[in-house]
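The model shown is predicted, which means the values in this text are computed figures rather than measured ones. Start at 1 with the first residue, then count along the sequence. In each ligand, atom 1 is the first atom listed, and ligand 1 is the first ligand listed.
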Amino acid sequence: MPIDHYDIVIIGGGPVGMALALALNDTGISSLLLEARGLPEKAEDPRPLALSHGSHLILQRLGVWNNLALHTPITTIHISNRGSFGQTILTPNDAGVPTLGFVVNYHDLFVAMHKKLTASKNDYLTGAIVTQLDTNEKFGTVYFDYENKKEKITAKLLVLADGGQLAKQVPDINYQVYDYRQWAVVANVRAEKKQTGVAYERFTSDGPIALLPNQEDFALVWTVNPESVEEITALNDEKFLSRLHQHFGDRLGKFIGTGKRSAFPLTLKYATRITSQRIALIGNAAQTLHPVAGQGFNLGLRDAYELAREVIDTTNALQEIGTDAMLLRYQRKRQIDSSAGRIFTDSLVKLFTNENKILKQACGLGLSILDCLPPLKRFISRRMIFGAKG
Ligand SMILES: Cc1cc2nc3c(=O)[nH]c(=O)nc-3n(C[C@H](O)[C@H](O)[C@H](O)COP(=O)(O)OP(=O)(O)OC[C@H]3O[C@@H](n4cnc5c(N)ncnc54)[C@H](O)[C@@H]3O)c2cc1C
């Protein structure tokens, strides 16, 4: 073990935990990142991530952007509602930004961040599985398995970036959970009509379907109900593509190619408080959202960035890291952004996933009205891109 006491131990080296470790690099604050996995295979996590322009700027500042193997700019977002007339089109002009964002693959982002971390001075262990946490007024203790040994480390602050399993051990952190009874089927697909830069978000009564630009192809995130997920993922390519065409419509012509399919269950899960004695939660450990409108990672990245700023400011003010006062400031800073992201995505899913004809027409009308009101478009798109502060 490099040392046995740190300022901060980050548990979970997914993209959000890694972002926090990178943001603390070269600040004089000692940190250790513990990640259970080694470098995952691409097939293990094929989900696409739509990164907002705001996240792009953060990843540039963290020095990760240039390590990314592939990224496709989003120049237009086309939003429609199946079974009603309305639609909205968002462009960078509407939001006053050079580009709406980029589509990357989770695995590619993971690899880019991993490379940057291994090249930096950060202490970073992969294959380290945290099993237990303990805290007292002065510090936290982390117990973990590493290279067939039981290890123990202490820190002024423990950051949970593990997706939310370990917080169950913390008595005053509770989760609200809502099962959408939906799954996301993910695959790379090719359409007859070539287009670059256009992202489609189409609402249907089974849930939203997104086609995100992925070089010349599309990264599909197709929400299906639990009864059909096995059947849809098991269809042969031809039947799968034809079913997708039926469901999405003819806007891109027929679908003519597909990669491997994977499926993810969709749940809303959020912690009613994101701090406890010597503990802070970030990313999916703080809130796991529906992938509609691609908000989850973008929000998690802002958690990491804001926490890093809070820790750096606290150190610069010669105050102690991880105290109740510091954690309260972090919790307050994240409250509005986190609630807004959750309420926005949850309302989109619940409002638009319905069979009610009147509500469907009302949602379609809402999209048309949005399309005609540039100030409202600007308000919404800037909040999707930069969070609650817009
Ligand atoms: C289908 C789908 C599509 C999505 N699309 C988008 C999108 O377009 N845009 C967007 O912003 N978001 C999107 N999201 C959400 C996004 O994937 C998550 O918000 C993001 O992955 C959260 O990152 P994280 O680092 O907090 O958690 P995770 O990615 O879950 O990483 C947690 C890490 O902690 C590690 N870990 C767990 N337990 C332990 C332990 N005991 N000890 C040590 N390490 C541990 C894990 O190995 C893992 O590496 C999507 C999600 C899905 C399911």
Side-chain angles (χ1 to χ4, degrees), residues 9-21 32-40 44-52 54-56 58-59 74 77 101-107 109-110 113-114 124-133 142-146 151 158-169 180 182-187 199 201 207-214 219-224 261-270 281-304 341-342 345 384-385 387:
V9 172
I10 306 162
I11 300 157
V16 172
M18 285 199 271
L20 175 61
L32 169 68
L33 175 62
L34 299 171
E35 164 55 30
R37 297 185 279 186
L39 198 57
E44 274 178 47
D45 210 321
R47 82 183 90 165
L49 294 177
L51 302 182
S52 67
S55 295
H56 166 220
I58 293 180
L59 292 174
I74 305 172
I77 302 178
F102 291 86
V103 179
V104 302
N105 177 274
Y106 180 100
H107 176 266
L109 180 63
F110 192 100
M113 294 180 114
H114 174 87
Y124 169 36
L125 299 180
T126 57
I129 302 169
V130 174
T131 51
Q132 199 192 327
L133 312 170
V142 179
Y143 299 84
F144 61 102
D145 297 337
Y146 181 62
E151 302 281 358
L158 311 183
V159 179
L160 301 191
D162 66 324
Q165 286 304 311
L166 287 161
K168 289 178 192 151
Q169 294 184 17
Y180 285 110
Q182 293 178 347
W183 284 67
V185 174
V186 170
E201 184 84 64
I209 176 167
L211 281 160
L212 306 172
N214 191 12
L220 167 72
V221 184
W222 180 0
T223 314
V224 302
R261 281 155 252 162
S262 313
F264 297 80
L266 301 180
T267 310
L268 168 67
K269 190 180 95 178
Y270 63 97
L281 271 53
I282 57 174
N284 269 19
Q287 67 273 309
T288 303
L289 308 183
H290 194 288
V292 66
Q295 293 295 298
F297 172 65
N298 292 301
L299 190 56
L301 192 58
R302 294 196 293 274
D303 290 344
R342 166 169 48 84
T345 51
M384 281 169 69
I385 292 170

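- Interface of Leu34 with ligand 1, defined as ligand atoms under 4.0 Å from a residue heavy atom, comprises 43 (C), 44 (N).
- Side-chain contact between Leu109 and Leu59 is present, with heavy atoms from C-beta onward closer than 4.5 Å.
- Proximity of Ala128 to ligand 1 is established by a heavy-atom distance of less than 4.0 Å.
- Those atoms of ligand 1 that come under 4.0 Å of a heavy atom in Arg37, given as number and element, are 47 (O), 48 (C), 49 (O).
- Heavy-atom minimum distance, Pro291 versus Leu266: CD-CD2, 3.5 Å.
- Looking at atom 17 (O) of ligand 1, its nearest protein heavy atom turns out to be Arg47 NH1, 2.7 Å.
- Of all protein heavy atoms, the one closest to atom 23 (O) of ligand 1 is Val16 CG2, 3.6 Å.
- Side-chain contact check for His290 and Gln182: at least one donor-acceptor pair (N or O, by modelled atom type) lies under 3.5 Å.
- In plain terms, the two heavy atoms of Met384 and Ser52 that are nearest each other are O-CB, 4.1 Å.
- Under the 3.5 Å distance criterion, the side-chain polar atoms of Asn298 are left unmatched by any main-chain donor or acceptor of Leu49.
- Closest to atom 29 (O) of ligand 1, if we only count protein heavy atoms, is Tyr106 OH, 2.6 Å.
- If you check which protein heavy atom lies closest to atom 22 (C) of ligand 1, you get Asn284 OD1, 3.3 Å.
- Those atoms of ligand 1 with a heavy atom of Val186 less than 4.0 angstrom away are 1 (C).
- The part of Ala161 lying near ligand 1 is the backbone, judged by heavy-atom distances below 4.0 Å.
- Annotation: atom 15 (C) of ligand 1 to nearest protein heavy atom, Phe297 N, 3.9 Å.
- Residue contacts with ligand 1: Val130 is placed with a nitrogen or oxygen under 3.5 Å of a nitrogen or oxygen of the ligand (distance criterion only).
- Atoms CG and CG, on Leu268 and Leu289 in that order, are 6.5 Å from each other to the nearest 0.5 Å.
- In this structure the side chain of Val104 reaches within 4.5 angstrom of the side chain of Leu51, judged on heavy atoms.
- Remark: ligand 1 atoms within the under-4.0 Å shell around heavy atoms of Gly12 are 34 (O), 35 (C), 44 (N).
- Between Ala36 and ligand 1, at least one pair of N/O atoms sits closer than 3.5 Å.
- Residue Ala199 comes nearest to Leu212 through the heavy atom pair CB-CD2, 4.1 Å, listed as atom of the first residue, atom of the second, then distance.
- Inter-residue side-chain proximity for Phe297 and Arg47 is flagged as unmet; no heavy-atom pair is nearer than 4.5 Å.
- Note on ring orientation: taking the six-membered ring where Trp is involved, the planes of Tyr146 and Phe144 are tilted (angle from 30° to 60°).
- Nearest heavy-atom pair, Gln295 versus Thr345, reported as atom, atom and distance to 0.1 Å: CG-CG2, 3.7 Å.
- A distance of 9.5 Å separates CG in Leu301 from CD1 in Ile282, rounded to the nearest 0.5 Å.
- Here atom 2 (C) of ligand 1 lies nearest to Pro291 when heavy atoms of Gly341, Ala286, Pro291, Pro15 are compared.
- In this comparison of Gly14, Gly296, Pro46, the heavy atom closest to atom 33 (C) of ligand 1 sits on Gly14.
- For the pair Thr126 (side chain) and Gly38 (backbone), a donor-acceptor distance under 3.5 Å is absent.
- Of the polar atoms of Pro48, at least one N or O is found under 3.5 Å from an N or O of ligand 1, judged by distance alone.
- Scanning Ile282, Leu49, Leu166 for the heavy atom closest to atom 6 (C) of ligand 1 points to Leu49.
- In terms of protein heavy-atom proximity, atom 9 (N) of ligand 1 is closest to Ala50 O, 3.2 Å.
- When every heavy atom of Gly14 is checked against every heavy atom of Glu35, the shortest pair comes out as N-OE1, 3.7 Å.
- When only interatomic distances are considered, the shortest N/O to N/O separation between Gly283 and ligand 1 does not fall below 3.5 Å.
- Taking atom 39 (C) of ligand 1 as the reference point, the nearest protein heavy-atom neighbour is Asp162 CB, 4.0 Å.
- Heavy-atom distances between Gln295 and ligand 1 reach below 4.0 Å in at least one pair.
- Regarding atom 35 (C) of ligand 1, its nearest protein heavy-atom neighbour is Glu35 OE1, 3.1 Å.
- Proximity of Leu289 to ligand 1, defined as any heavy-atom pair under 4.0 Å, is not found for any part of the residue.
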